[in-house]
Amino acid sequence: MALPSPEREQWSSRLGFVLAAAGSAIGLGNIWRFPFKAGDNGGGAFVLIYLTCLVLLCVPYLFAELALGRNGKRNPVGAIRAIDARSPWPLVGGLCVVAGLAILSYYAVVAGWAVGYVLRDLVAAGAPDAVFARVIADPLWVVPLFGGFLFATAGVVAGGVRRGIERWAKILMPVLFVLLCLIIFRSVTLPGAGAGLDFYLTPDFSKVSGLVVVEALGQAFFSLSLGMGTMITYGSYLPDDENLIVSGGYVAAFDTLIALMAGLMIFPAVFAMGQNPAEGPSLVFVVLPDVFGAMPLGSFVGTLFFLLLAIAAFTSGISLLEVFVSYLVDETPWSRRAAAWGAGGIAFALGLPSALSQGAVPALSDLSWLVGDRFFGPSPGVLDVMDFLWGSVALVLSAALLSLFVGWVWGADEALTELRSGTGHTVGRVAGPVWCAAIKYAFPITILAVLVIDLLYDVL
Ligand code: TRP
């Protein structure tokens with residue numbers, strides 16, 4: 001077990017960690033991605049499969065990332081090096097660190113759209129279509145919104161673990177919860193909301209195929225911020241006497257609760273206003289503004305909604321930047337401040353093509369001349385390609401490698417010892433071996449199978 005360097009910060013309390021990690025997990029994935037995936041894939045049936053994947057695979061893997069981070073008291077590269085410095089394994093940590101920044105670069109673009117919708121009365125008056133076109137296609141709007149979001153993110157990360165990340169999570173997560181409750185109340189009290197509740201809560205297994213399972217697993221995974229070292233990094237700021245199972249369990253429970261609540265907010269309103277729930281990624285940015293436009297108090301509720309989305313994205317963006325920053329702080333002479341602003345600047349440069357790919361620069365909105373139209377669907381833009389490469393492929397690949405590392409190189413038994421430290425007797429004689437088997441076999445095999453199926457499906 002590595003000792004923390006004397007100046008290395010830690011969370012101030014369990015609550016601080018749980019809110020910061022839940023803030024990372026709860027993001028666009030819960031409020032934008034989960035509802036449209038559920039809408040596309042059979043509503044309640046998708047939700048049941050999602051919960052199964054979460055409990056059987058993703059939560060055990062979450063514990064592995066937390067244990068790895070706390071054991072090494074370092075960023076993903078350092079945490080792996082603390083166990084095995086002479087093999088190529090630290091490169092997997094490197095993949096995590098790079099993937100974090102790459103995901104942030106386009107995640108911040110979408111987050112910037114949400115901010116634009118909050119300000120939509122300034123952006124463009126009138127029809128939702130006009131707002132959408134302005135916010136995502138006009139470089140004079142999209143670049144400042146995206147840059148401003150990254151600027152604020154870097155500002156919080158520069159403030160440090162306690163005074164930056166934890167403090168903001170403690171302020172913003174309760175606000176998010178209250179906003180969500182308010183909007184759910186408005187949504188379920190609309191006349192005709194019952195049809196939406198039926199769709200969402202009654203499983204329709206006729207829509208379930210193998211691919212739905214793959215989607216559900218991928219979603220559970222993205223939603224818990226797994227696979228690119230966020231949880232390794234956040235775990236590295238935990239003290240040795242913290243119970244990883246209990247605090248990790250809270251994080252997973254909050255993340256799931258918020259995703260389920262997001263469905264409760266969106267589907268009743270979509271059905272009450274006679275809209276289609278299976279609209280794909282535009283559900284939140286195109287369908288919902290229409291829904292808000294048509295309902296009583298809609299404009300106010302709409303502003304609250306996009307504020308909610310922006311806050312959720314903000315605490316996740318912070319965690320994406322923190323992975324790279326913790327690497328620079330641990331492994332180079334850079335100060336935290338310099339690292340946060342430098343990394344934010346790189347994310348901005350990396351993200352510009354994505355930001356300009358939604359109509360501002362036509363050459364960037366269709367890369368099919370470069371990447372073909374097999375992997376990414378017809379006319380993929382830079383943002384779609386980035387999301388596929390980093391948000392799907394790199395994420396899943398590094399997760400499979402990390403669980404192989406924990407299970408076989410570090411050793412599942414060693415990892416279990418780390419997991420047990422601070423728990424008293426929570427990991428019993430049965431649960432321990434089951435967890436080891438999940439990390440050594442079940443998780444890497446399933447997740448690699450998912451990657452292969454996904455790629456094959458896209459090629460064929
Ligand atoms: N979990 C976040 C969401 O649901 C996004 C996110 C933050 C993420 N950090 C991550 C996803 C790390 C994958 C890996 O929106």
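Remember, it's 1-based here, ligands and their atoms both numbered in the order they're listed. Just so you know, these numbers use all the heavy atoms, side chains as well, and skip hydrogens, waters and symmetry mates.
- In terms of protein heavy-atom proximity, atom 6 (C) of ligand 1 is nearest to S225 OG, 3.5 Å.
- Per-residue contacts place L320 under 4.0 angstrom from the following atoms of ligand 1 (heavy atoms of the residue considered): 7 (C), 9 (N), 10 (C), 12 (C).
- Backbone and side-chain nitrogen or oxygen atoms of L28 are examined, and one is located within less than 3.5 angstrom of a nitrogen or oxygen of ligand 1.
- Every atom of ligand 1 with a heavy atom of T230 under 4.0 Å away is listed here by number and element: 9 (N), 10 (C), 12 (C).
- One side chain, S319 or S24, offers a donor N or O that lies under 3.5 Å from an acceptor on the other.
- Per-residue contacts place S319 under 4.0 angstrom from the following atoms of ligand 1 (heavy atoms of the residue considered): 7 (C), 9 (N).
- In terms of polar-atom proximity, L395 is not counted as a contact of ligand 1, lacking any N or O under 3.5 Å from an N or O of the ligand.
- You'll find the side chain of L54 reaches within 4.5 Å of the side chain of L224, heavy atoms only.
- Distances below 4.0 Å separate heavy atoms of S223 from the following atoms of ligand 1: 1 (N), 4 (O).
- F46 and F34 have tilted rings, their planes meeting at an angle from 30° to 60° on a 0 to 90° scale.
- Two rings, from W32 and F36, have their centers less than 6.0 Å apart.
- Here atom 2 (C) of ligand 1 lies nearest to S24 when heavy atoms of S24, A99, A399 are compared.
- F314 and F149 have perpendicular rings, their planes meeting at more than 60° on a 0 to 90° scale where under 30° would count as parallel.
- T315 has its side chain out of reach of W168: every pair of non-hydrogen atoms, C-beta onward, lies at least 4.5 Å apart.
- Within ligand 1, the atoms closer than 4.0 Å to a non-hydrogen atom of N30 are 4 (O), numbered from 1 in the order shown.
- With a heavy-atom cut-off of 4.0 Å, D255 does not touch ligand 1 at all.
- L68 has its side chain within reach of F405: a pair of non-hydrogen atoms, C-beta onward, lies under 4.5 Å apart.
- Protein heavy atom in closest approach to atom 14 (C) of ligand 1: M228 CG, 3.2 Å.
- In this structure, the protein non-hydrogen atom closest to atom 5 (C) of ligand 1 is Y107 OH, 3.7 Å.
- We find that E418 and R70 are joined by a salt bridge, their nearest charged nitrogen and carboxylate oxygen being less than 4.0 Å apart.
- If you check which protein heavy atom lies closest to atom 11 (C) of ligand 1, you get F222 O, 3.4 Å.
- Taking the six-membered ring where tryptophan is involved, the planes of F151 and W341 are tilted, since the angle between them lies from 30° to 60°.
- Of the candidates S316, A25, A259, it is A25 that places a heavy atom closest to atom 4 (O) of ligand 1.
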